[in-house]
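Residue numbers start from 1 in every chain, and the chains themselves are labelled A, B, ... in the order their sequence lines are given, proteins ahead of strands. What you see is a predicted model, and the numbers here were worked out from it, not measured in a lab.
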Amino acid sequence: MQMLREVLEPLLDEVLMSIGVTNAHWRSMLVRSREHDQGDLSLPCFPFAKELGKSPIEIAQQIADSLESHFAIGEVNAVAGYLNIKANPTWLAQQVMDDAVRIGDAFGKKPANNTHILIEHTSANPNGPFHVGRARNAILGDTLVRLHRLYGNNVRAEYYVDDMGKQVGVLAWALEHLGKEEVERTLVGRESINEKWQGKADHERVRWYQAAQSIRQERSDKEDIEAEIGRMVHASEHGDEEVLQAFENAYQPVLDGMLETLKRLGIDFDTFTKESMFVTNGDVSKLMEKFKTFEIHGTADNGAEFLDLGARGLKGKTEFFFRRGDGSSLYATRDIAYHIWKWKQCDQLINVLGEDHKLQAKQVGMTLTELGEKIPDVLFYSFIKLPEGKMSTRKGNVVYMDDLLEEAQAQASAVVGEIHPDYSPEMVAEISEAAGTSAVRFNIIKVSPDKGFTFRWEEALAFEGGSAPFIMYSHARACSIARKCVAAGIDLDAAANSSTELPSSMPKGMVELLRTMCVHQDVLSKAVNDRRPHLFANQLLQLATSFNAFYRDCMILQDGELNVFNFQLSELARNLMRTSMQGLGIVPVEQM
RNA sequence: GGAGGUAUGGUGUAGUGGAUAGCAUCAGGGAUUUCGAAUCCCUGGACCCCGGUUCGAGUCCGGGUACCUCCGCCA
């Protein structure tokens, strides 16, 4: 609780100095109390014992006795060598009422901040529909973008389009050379396309890609095919405009289909940058010429070139190849050119990458350092598996995001329909779409990115307990209260702006809510700066829970009479929930 | 074989060197003539193993074990 800390530190400074503590590091020992009942902040006094020649119990007591009283401090107690300080709930209420805890756009209180942040995420190869595994990148990345915006930062969300190279080459070849019948014949025995996605290009065209993958290994003329694909790929890597155009015609509809899926999840991008740009504009060849002058530059027998990063401390295989024997560039080379370009347009760079890219990212980072460039921050995440094992399109072991979202919507629809038979079909559809997509996002975002994750239908579709609909429900209930007040003929604006006495004694649920609201900004700050969105997801869950406790203990509207303070607090909590939900991509519907 | 990551109730997970390890699910019990029961309350149950550092270790260090990822002139 940063706001309490700011009040407390000068006071404690004085007391500690007066009793003879010289260790200036005590500030880092002032921690959030583990025992919520004991206090908000605690100072363990064990380290002072040696210096002062007294027991920690005595020291804690002595500090408690000599601590100056302050409006912010509610209770001070010394227990078992710990000094516990509890905030005065009335002071917390004042902080909340004075807007100290408001965050985000809707509150018009952005931190002054001129840094430009570029977040690159997703950047999936445009060769097939999103499955749940690939979507973790998009959900993490988009949530990070949203949280930065909530925090007041200037963010650009970017998708790096892999518009050249073998995967797109295979897709282009397949679309040109294979007929629908041949594709289906090749894929016989594999799962057929879900009828629902007929006409959606990512689902349609991936079958051409899959058929080609199998034909490349099995058909009698596979050497010829391989040569043909190889010719196109190399032409693309040399910037052949005709080939690049053919590639684009092949992948663009696929990419559009993929973006449609992301859109449904509330995920958007500000800019798309094509990989080929760095080949056609000459950046890549200039870069490769520059590498030649490096002392760690080396050449293989066939003329391929590399940098020996072993000399810079890389372990394992130390040669980092940037150019093939035929003179064309490699993916990583283009990635470096891309990073140099990105650094020209931002102050901070964040990439969201799967853990399989760790070595690659390290090589790129070391090379950027070699070039005198800064290295990006990277948010790595672990893969999503299925209970049957690794997700694999080839083995048919895959859950498509489109299917998951359909199912989520259908199940949410069943719940809404049951609870509210009075709602119109349109309303049910809208609510269940919001609840379904939000539940899917939240289920993925609430887990720490570096934790392996096994996808389970029943968890992804859970609408109770620690889920998005749980949060949405608390928010909807707060909205409902406000509507009830209007129905009772109360002027909301007047009530919101009228000044009111701060209560001097409060029920437990109200104190809970105030405390949660007062750490909200602290948690957001940590989630953003440490790139750990799940911390904020858990905080929002806590906020919803606290609001429920407040609702339980405090009446806002009773017998037509409005409790003004309770109403104001409820409205502030409602707004905080709403903006926080937006920060996580949860849709804040007002009724459900 | 080398490099990186992870290990917490039955299950899924949170946890800033600090006290009685939090949440959800699950199992069992209870709460509504009152602002929305997708709610709330009560009970049950966990820090992989062995050492070390420390006044104090789930957390830091070393060594095991298990699982995941990488070690392409692929992207």
Expressed as a whole number of angstroms, how long is the span from [X]:[atom1] to [N]:[atom2]?
X	N	atom1	atom2	value
A:Arg136	B:G5	CZ	C1'	12 Å
A:Lys166	B:C73	NZ	C1'	11 Å
A:Met592	B:G36	CE	C1'	11 Å
A:Gln363	B:A3	CD	C1'	12 Å
A:Met29	B:A19	CE	P	14 Å
A:His475	B:G36	NE2	P	15 Å
A:Lys315	B:G5	NZ	C1'	15 Å

Aromatic stack A:Phe46/B:C55: centroid gap under 5.5 Å, interplanar angle under 30°: no
Stacking check A:Tyr82 vs B:A19 (5.5 Å / 30 deg): yes
Hey, does [X] reach any base, or is it just sugar-phosphate, or nothing, if we go heavy atoms under 4.0 Å?
X	value
A:Ile419	base
A:Pro47	base
A:Gly452	sugar-phosphate
A:Lys362	nothing
A:Gln591	base
A:Ala80	nothing
A:Asp326	nothing
A:Tyr551	base
A:Gln360	base
A:Val168	nothing
A:Leu535	sugar-phosphate
A:Asn84	base
A:Cys45	nothing
A:Glu561	nothing

Does [X] make a side-chain N or O approach to OP1 or OP2 of [N] shorter than 4.0 Å?
X	N	value
A:His357	B:A75	no
A:Arg32	B:G15	no
A:Lys484	B:G36	yes
A:Arg456	B:U11	no
A:Lys451	B:G12	no
A:Tyr331	B:G72	no
A:Lys50	B:U54	no
A:Arg532	B:G15	yes

Atom pair CG (A:Leu12) and CG (A:Leu8), whose distance is rounded to the nearest 0.5 Å: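 A:Leu12 CG to A:Leu8 CG: 4.5 Å, rounded to 0.5 Å.
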Base-paired stems in RNA chain B, each at least three Watson-Crick or G-U pairs under 3.5 Å: B:1-7 with B:65-71, B:10-13 with B:22-25, B:26-31 with B:39-44, B:48-52 with B:60-64
What distance, rounded to whole Å, do you find between the two [atom1] atoms, one in [N] and one in [M]?
N	M	atom1	value
B:C42	B:C47	P	24 Å
B:A46	B:U20	P	16 Å
B:C67	B:A21	C1'	24 Å
B:G62	B:C23	C1'	33 Å
B:A66	B:G30	P	48 Å
B:G2	B:C60	P	24 Å
B:C55	B:U65	P	32 Å
B:C49	B:A57	P	15 Å

Within-4.5 Å side-chain heavy-atom neighbours: [X] and [Y]:
X	Y	value
A:Tyr338	A:Val364	no
A:Leu540	A:Ile586	yes
A:Tyr331	A:Gln360	yes
A:Leu171	A:Gln167	no

Side-chain-base donor-acceptor pair under 3.5 Å for A:His534 and B:G15: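 There is none.
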Base B:A19 paired with A:Ser42 side chain (donor-acceptor, <3.5 Å):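 For A:Ser42, whose side chain was compared with the base of B:A19, there is a donor-acceptor pair (under 3.5 Å).
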Upstream residue (5' side of RNA chain B) when A:His420 and A:Ser467 are each assigned their closest nucleotide: A:Ser467
Evaluation steps, side-chain hydrogen bond (donor to acceptor under 3.5 Å, both in side chains), between A:Ser382 and A:Asp450: CA-CA 5 Å; A:Ser382 207; A:Asp450 51 16; over 6 Å; no
side-chain hydrogen bond (donor to acceptor under 3.5 Å, both in side chains) between A:Arg441 and A:Thr143, worked out: CA-CA 9 Å; A:Arg441 274 187 80 123; A:Thr143 305; 3.2 Å; yes
Residue among A:Thr516, A:Leu524, A:Asp522 satisfying side chain to side chain contact (heavy atoms under 4.5 Å, CB included) with A:Gln539: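 Single pass found, and it is A:Thr516.
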Atom CD of A:Glu430: over 12 foreign heavy atoms under 6.0 Å: no
A:Arg32, CZ atom: more than 12 neighbouring heavy atoms under 6.0 Å: no
Parallel, tilted or perpendicular: rings of A:Phe278 and A:Tyr160 (30°, 60°): tilted
Worked verdict on A:Lys508 versus A:Asp553 for salt bridge (Lys or Arg N to Asp or Glu O under 4.0 Å): CA-CA 7 Å; A:Lys508 196 166 158 231; A:Asp553 291 349; over 6 Å; no
Between A:Phe306 and A:Phe291, ring centroids under 6.0 Å: no
Option from A:Arg216, A:Gln210, A:Gln217 for which side-chain hydrogen bond (donor to acceptor under 3.5 Å, both in side chains) with A:Gln213 holds: A:Arg216
Protein proximity profile, nucleotides 40-49 of chain B - base contact B, sugar-phosphate-only contact S, no contact -, cut-off 4.0 Å on heavy atoms: SS--------
